[in-house]
Amino acid sequence: MNRSPLLLVILVAGLAFPAHAQGTLKDRYASQFDVGVAIPPPDQLTPAEQALLLANFTNITPENCMKPESTEPREGVFTFAEADRLADFAKAHGLKVNGHCLVWHSQTPDWFFTDNGKPAGRDLVLKRMKEHIAAEMTHFKGRVVSWDVVNEALDDGHGYLRPSKWEKCIGPDYIAQAFRAAAQADPQAELYYNDYAIERQPKRNKALRLIRELKKAGVRIDGIGIQCHWHLDSIPYRQLDEAIRAFHAQGLKVMLTEVDLDVIPGRKAGASADPFAKACPPQVLKREAEQYGALFALINRDAPMISRVTFWGLQDARSWLTGPGHTNYPLPWGRDLQPKPALQAILNAK
Ligand code: G3I
């Protein structure tokens with residue numbers, strides 16, 4: 001064969017099997033840490049998306065269907081059908097499920113906090129919280145290996161804890177109470193605290209304070225999830241590295257739990273709200289690849305301290321950052337399910 005037909009064969013093969021030609025996340029990283037992705041119930045994914053998921057990931061996180069508003073919309077009325085389909089799919093395919101999430105200020109129905117139209121008292125809200133945790137964890141025992149027991153409880157401002165309804169109704173000990181209830185409901189499951197911006201100050205120190213307080217009170221906490229929702233050109237590499245070390249030094253598993261990269265520039269007056277509606281400029285895709293590559297170089301260096309890295313969505317169109325009038329490109333796969341330059345950079349990172 002002379003050179004040009006061979007080149008043609010390589011090019012055609014490359015177009016037909018680009019994902020295979022580039023390797024998979026699982027092949028590249030699963031020997032170092034778990035690789036996860038947030039998904040809707042799997043029957044909402046296309047067969048091609050399911051294939052992409054199974055080829056690349058070892059772990060899944062339910063993006064919404066295990067949150068309180070999905071699983072207990074009314075007191076004592078448990079709606080586990082969607083989450084059951086997700087857990088059964090995981091079991092059938094050997095994927096590990098991280099339950100997300102039991103106690104959060106968002107996507108939690110108001111009935112938890114009201115009593116005949118008035119604000120409920122501490123005892124009632126505490127009882128409801130414990131019952132919710134016990135019922136959900138018992139239902140998924142053996143199918144969910146770990147839980148984000150409490151999500152986003154730290155204050156973004158000057159305070160220590162977010163003044164959520166949980167905190168207001170129960171008091172600051174609601175976090176310890178939640179972890180205790182979780183440990184009792186499923187002693188085998190790992191119990192995590194999950195939050196955003198805790199790689200940076202001032203929230204990193206608040207997270208460390210929370211970990212120390214829980215441990216001092218004899219409460220079991222097995223790991224901490226750093227969410228990692230970042231913007232292009234703003235990944236806080238140094239702070240992330242420091243945070244991984246600091247949390248690891250507390251004896252906890254450290255996970256990057258909701259990785260994505262918002263590429264839409266901050267909106268200036270008069271600028272389009274949807275600047276990349278038709279396509280993402282190649283220069284932006286290149287910068288995104290470089291930054292994902294740098295992030296995974298850091299992750300490689302810190303891998304002995306990291307137990308899981310999870311992307312918050314399977315492909316760009318599935319991301320919470322994408323919506324009507326908001327065409328975003330935050331993930332390693334595009335809407336056509338083809339790998340983006342970011343995936344290659346992630347796979348090549350040393
Ligand atoms: O299910 C309803 C549907 O019935 C309705 O027609 C539709 C109309 O808006 O809304 C649907 O619910 C949406 C739900 O996602 C499911 O798609 C909610 O409006 C929407 O608010 C919800 O957004 C989720 C968000 O959490 C809620 O705060 C995102 O999908 C989910 O990605 C996001 O995930 C969070 C993590 O749990 C915690 N960390 C931050 C992360 C990103 O915000």
Side-chain angles (χ1 to χ4, degrees), residues 36-46 49 53 57 59-74 77 79-83 85-86 97-110 112 132-133 136 144 146-156 161-162 164-166 175 178 191-200 203 206-207 210 223-231 234-236 240 243 254-264 308-333:
V37 62
I39 58 163
D43 46 295
Q44 291 178 23
L45 299 174
T46 65
E49 285 176 316
L53 160 66
F57 296 97
N59 290 49
I60 54 176
T61 300
E63 186 174 356
N64 287 300
C65 69
M66 284 192 189
K67 291 172 177 172
E69 74 174 9
S70 302
T71 56
E72 196 179 359
R74 281 178 292 137
V77 177
T79 45
F80 291 131
E82 288 197 332
R85 293 204 295 277
L86 182 137
V97 180
N98 176 59
H100 174 88
C101 48
L102 295 166
V103 179
W104 191 24
H105 64 277
S106 176
Q107 286 180 291
T108 300
D110 242 14
F112 275 99
H132 177 76
I133 291 171
E136 184 155 350
V144 168
S146 57
W147 287 92
D148 294 335
V149 177
V150 178
N151 194 38
E152 301 175 2
L154 296 172
D155 189 38
D156 290 320
L161 298 181
R162 178 190 297 275
S164 68
K165 288 184 181 168
W166 293 116
I175 301 175
L191 310 179
Y192 304 150
Y193 176 73
N194 189 54
D195 208 338
Y196 60 85
I198 53 172
E199 69 278 9
R200 280 164 276 176
K203 280 177 86 175
K206 296 179 195 179
L210 177 62
I224 184 155
I226 308 171
Q227 291 187 4
C228 308
H229 295 292
W230 294 311
H231 283 80
S234 302
I235 297 181
L240 176 66
V254 182
M255 288 147 283
L256 313 193
T257 51
E258 305 188 11
V259 176
D260 55 24
L261 204 49
D262 186 340
V263 303
I264 297 183
R308 170 165 55 91
V309 176
T310 288
F311 288 89
W312 204 247
L314 189 57
Q315 47 103 343
D316 286 339
R318 291 278 179 192
S319 168
W320 70 294
L321 296 168
T322 288
H326 205 72
T327 316
N328 216 326
Y329 302 81
L331 296 163
W333 283 272

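First listed ligand is number 1; within each ligand, the first listed atom is number 1. In what follows, residues are counted from 1 in the order of the sequence shown. Just so we're clear, the structure is a prediction, and the values are computed from it rather than from any experiment.
Applying the salt bridge (charged side-chain N to carboxylate O under 4.0 Å, His left out) test to residues at least two apart or on different chains, none of the pairs has a partner in residues 320-333.
In this view, R318 and E49 satisfy the salt bridge (Lys or Arg N to Asp or Glu O under 4.0 Å) rule, not counting sequence neighbours. Legend: residues meeting ring pair (Phe, Tyr, Trp, His ring centres under 6.0 Å) with Y196, ordered by chain and number and at least two apart, are absent.
Between H100 and W312, the ring center distance clears the sub-6.0 Å criterion.
Between K203 and D155 no salt bridge is recorded (no basic side-chain N to carboxylate O distance below 4.0 Å).
Protein neighbours of ligand 1 below 4.0 Å, counting non-hydrogen atoms: E63, N64, K67, H100, W104, S106, Q107, N151, E152, Q227, H229, E258, W312, W320.
L102 places none of its side-chain heavy atoms less than 4.5 Å from the side chain of V150.
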